[in-house]
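Take a look at the structure below.
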Amino acid sequence: MTQLHIPHHVPCIIQGQATQGLADSFAVLNPATERIIALCSSPSAEQIEYTISTAQHALSTWQHSDEATRKAVLMRIALGIEQHADELAQLIVQEQGKPLSLAHTEVAAAIAWTRYQASLDLSPEVLQDDAEKRIELHHRPMGIVVSITPWNWPLMIAIWHIMPALRAGNVVINKPSEYTPLATAKLVQIMQRELPAGVVSILTGDAETGAQLSQHPLVNKIVFTGSIQTGLKIKQHTAASFKHLTLELGGNDAGIVLPDSDLDKIAARIFNAAFINMGQTCAALKRVYVHESQYAALSQRLANLAETQILGDGLAPETTFGPVQNAKHYQKVKQLITEACTEGAQVLTTAQPLPAQGYFIAPTILIHVNAKSRVVQEEQFGPVLPILSYQNVEQVLTELQHSDYALGASIWSSDIDKAQRYIQHLNCGTVWLNTHAEVLPHVPFGGWKHSGLGVQFGQQGLLENTLSQVIHIHKG
Ligand code: NAD
């Protein structure tokens, strides 16, 4: 297993320069070994202030750059990411824990999303043009965008935030998760070659750095992906200043398997949708409702698939399933499984030996779960899938409507027409039929209710990084 050399100290990047933060230092651990792989440091209040002032200065030019320039810069950044793909993938594995092949998928997605943003058009729209009047709608940059990212897909989510913001003429300051700052720091370093100083900065740090940045009066927009609790804090702390927000928060997506389903076709798809990235994916399938006629058969197939996984360090070639990302999260997921079992659930998967070090939890299929257990009602965000049996699908739909989570849901059936009839009863941002957790650069994605505000991706996601300006020209 080859291991990449990671610099002992990973700096912030401010005004295009690698800069040590002057506040607290913190360690980044490899979740597969629990060993320290790097040290980072948080910026002081003065350094945050300085970063904002450099962003403001960079904005004065970047916001007036033309469409062609921004598109070309994004294309060159995509190339730069491609040239560093192996290094980025290795960093992701070591800080995040996922298997190397999945980390490569993350890097490939980062490149695809960047190129897609470069392909979009932001020309003014002509709303009226006649003898008397011409009315145009322009999409202006918002200004300084603060991007705050989580630990599950550190590179890809940073790309989702940064690229549309830049494409629209904004400048960006990223604050990565304190658990996974390394690949994002490398990304921002790669980007410096293509951008004027101050257009993109990165400040490593914890919640406090995120809070200071998001509350700064000169920040115009915050794009945040993370927990509902933090999303709520950001919303409360920015209300008075009317900052623009895009919030991608938690999901507790349900899948409903209708009684006519072809289990040969869907079992592996359900497994992959639930356990992608060890279940640490906002849009993963987090609970499955199966008609009683197929309950035992589907549960057993999912358990069989779980038992084929090989747990280990993501850099080992045989590994198909990594650890969960951090100790706190490990404890949370373990606790949810224990609690569910105390409340009547049964673990269908047989226990397998786990690596001696690391935050490993084998993929766990829970059956006969009490619908009120927290593992069903809350977002578990880990390698456990509760499976619930139902007789009446209308009852399941009614139950789901009471949830505050509303990111996505899926219906599984051999009869697409029948499945489609239930869509209107699902209140959430995305509904998938016979698939789940698929996100694409050209397809808007976002949650309803407590799962978020606004959307990312597609033209609609890009426009969330702009302000509309309408120009009326009287020709007379
Ligand atoms: P988190 O909310 O704890 O942290 C996310 C980021 O916010 C981190 O960078 C953290 O330092 C920062 N932060 C924490 N407190 C802050 C504050 N008061 N002000 C500003 N920034 C602050 O979330 P997490 O534990 O890193 O990620 C897991 C959660 O994220 C899960 O609930 C998951 O569903 C959610 N998530 C959602 C999506 C989505 O697209 N909907 C994607 C990934 C993760």
Side-chain angles (χ1 to χ4, degrees), residues 24 26 28 31 40 42-43 48 95-98 106 109 113 146-161 173-182 184-185 202-216 219 222-238 243 245-253 276-286 324-333 336 378-382 404-408 428-430 437-439 443-457 461:
D24 303 336
F26 59 94
V28 180
C40 292
S42 308
I48 292 179
E95 65 180 344
Q96 205 282 329
K98 67 190 66 176
E106 180 166 353
W113 250 274
V146 161
S147 144
I148 302 177
T149 41
W151 46 254
N152 55 342
W153 294 91
L155 180 76
M156 191 169 71
I157 293 176
I159 294 273
W160 289 352
H161 291 185
I173 302 168
N174 171 264
K175 206 297 287 170
S177 167
E178 54 274 40
Y179 292 110
T180 54
L182 306 181
T184 319
I202 180 166
L203 296 179
T204 54
D206 59 9
E208 182 55 33
T209 305
Q212 284 178 39
L213 271 172
S214 57
Q215 289 170 42
H216 196 285
V219 168
I222 295 145
V223 50
F224 169 78
T225 301
S227 62
I228 293 176
Q229 296 85 333
T230 306
L232 178 62
K233 279 187 204 157
I234 291 175
K235 195 164 187 291
Q236 285 169 335
H237 292 149
T238 56
K243 291 187 199 315
L245 298 179
T246 299
L247 304 178
E248 294 288 353
L249 308 176
N252 191 13
D253 289 11
I276 179 167
N277 205 31
M278 284 53 74
Q280 304 163 120
T281 298
C282 52
L285 193 45
K286 306 248 167 58
V324 298
Q325 202 281 325
N326 60 70
K328 189 170 153 207
H329 194 53
Y330 169 86
Q331 293 300 348
K332 178 188 152 179
V333 177
L336 288 176
E378 296 179 14
E379 179 191 42
Q380 87 276 16
F381 210 62
D404 285 334
Y405 294 98
L407 193 58
C428 56
T430 302
E438 279 185 23
V439 293
V443 179
F445 173 73
W448 296 4
K449 301 198 218 173
H450 295 194
S451 287
L453 281 181
V455 293
Q456 298 187 93
F457 320 154

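Order of listing sets the numbers, starting from 1, for every ligand and every atom in it.
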Pairwise side-chain contact, [X] with [Y], heavy-atom cut-off 4.5 Å (strictly under):
X    : Y    : result
L453 : K235 : yes
V223 : S147 : yes
Y179 : E95  : no
I148 : L213 : no

ask   = If you measure from each heavy atom of G446 to ligand 1, is any distance below 4.0 Å?
value =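 No.
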query = Is S177 near ligand 1, meaning one of its heavy atoms is under 4.0 Å from it?
reply = yes
Any idea which protein heavy atom is nearest [atom], and the distance to it?
atom                    : result
atom 13 (N) of ligand 1 : T230 CG2, 3.6 Å
atom 37 (C) of ligand 1 : L249 O, 3.1 Å
atom 28 (C) of ligand 1 : F381 CE2, 3.7 Å

Need the ligand 1 atom indices (1-based, order shown) with element for anything under 4.0 Å from a heavy-atom of [X].
X    : value
T225 : 5 (C), 37 (C), 38 (C), 39 (C), 40 (O), 42 (C), 43 (C), 44 (C)
W151 : 24 (P), 25 (O), 26 (O), 27 (O)
T149 : 6 (C), 8 (C), 9 (O)
I148 : 6 (C), 7 (O), 9 (O), 12 (C), 20 (C), 21 (N)
C282 : 36 (N), 37 (C), 38 (C), 39 (C), 40 (O), 41 (N), 42 (C), 43 (C)
P150 : 26 (O), 27 (O), 43 (C), 44 (C)
A211 : 19 (N), 20 (C)
G210 : 19 (N), 20 (C), 21 (N)

Per-residue contact class, [X] against ligand 1 - non-hydrogen pairs under 4.0 Å:
X    : value
F224 : side chain
Y179 : neither
I157 : side chain
S451 : neither
H237 : neither
L213 : neither

ask   = Side-chain donor-acceptor pair under 3.5 Å between H161 and T225, yes or no?
value =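 Note: H161 and T225 side chains meet the donor-acceptor criterion.
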Do you know which two heavy atoms are closest between [X] and [Y], and how far apart they sit?
X    : Y    : answer
N174 : A158 : ND2-CB, 4.4 Å
W151 : Q325 : CE3-CB, 3.4 Å
G231 : L247 : O-CD1, 3.9 Å

query = Do other residues, nucleotides or ligands put more than 12 heavy atoms under 6.0 Å from K332 NZ?
reply = yes
query = Is G226 in polar range of ligand 1, meaning some N or O pair under 3.5 Å apart?
reply =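 In this structure, G226 places an N or O atom under 3.5 Å from an N or O of ligand 1.
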Ligand 1 to S227 polar contact by distance, N or O atoms, under 3.5 Å = yes
key: CD on Q212 to OG1 on T209, rounded to 0.5 Å   = 6.0 Å
ask   = Do you see a protein non-hydrogen atom under 4.0 Å from atom 21 (N) of ligand 1?
value = yes
request  = Output all residues satisfying side-chain hydrogen bond (donor to acceptor under 3.5 Å, both in side chains) with E379, sequence neighbours left out; order by chain, then residue number.
outcome  = K286
message = Taking G250's backbone N and O only, do any of them form a donor-acceptor pair with S451's side chain (distance below 3.5 Å, no angle check)?
response = yes
query = Heavy atoms only: which of T281, N152, N277 is nearest to atom 44 (C) of ligand 1?
reply =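 Considering heavy atoms of T281, N152, N277, the nearest to atom 44 (C) of ligand 1 sits in N152.
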remark   = The option among E379, K233, Q212 carrying the non-hydrogen atom nearest to atom 31 (C) of ligand 1 is E379
request  = For H216, check side chain to side chain contact (heavy atoms under 4.5 Å, CB included) against everything at least two apart and list the hits.
outcome  = E49, I52, L218, V219
request  = Check the angle between the aromatic planes of W113 and W160 and answer parallel, tilted or perpendicular using the 30° and 60° thresholds.
outcome  = tilted
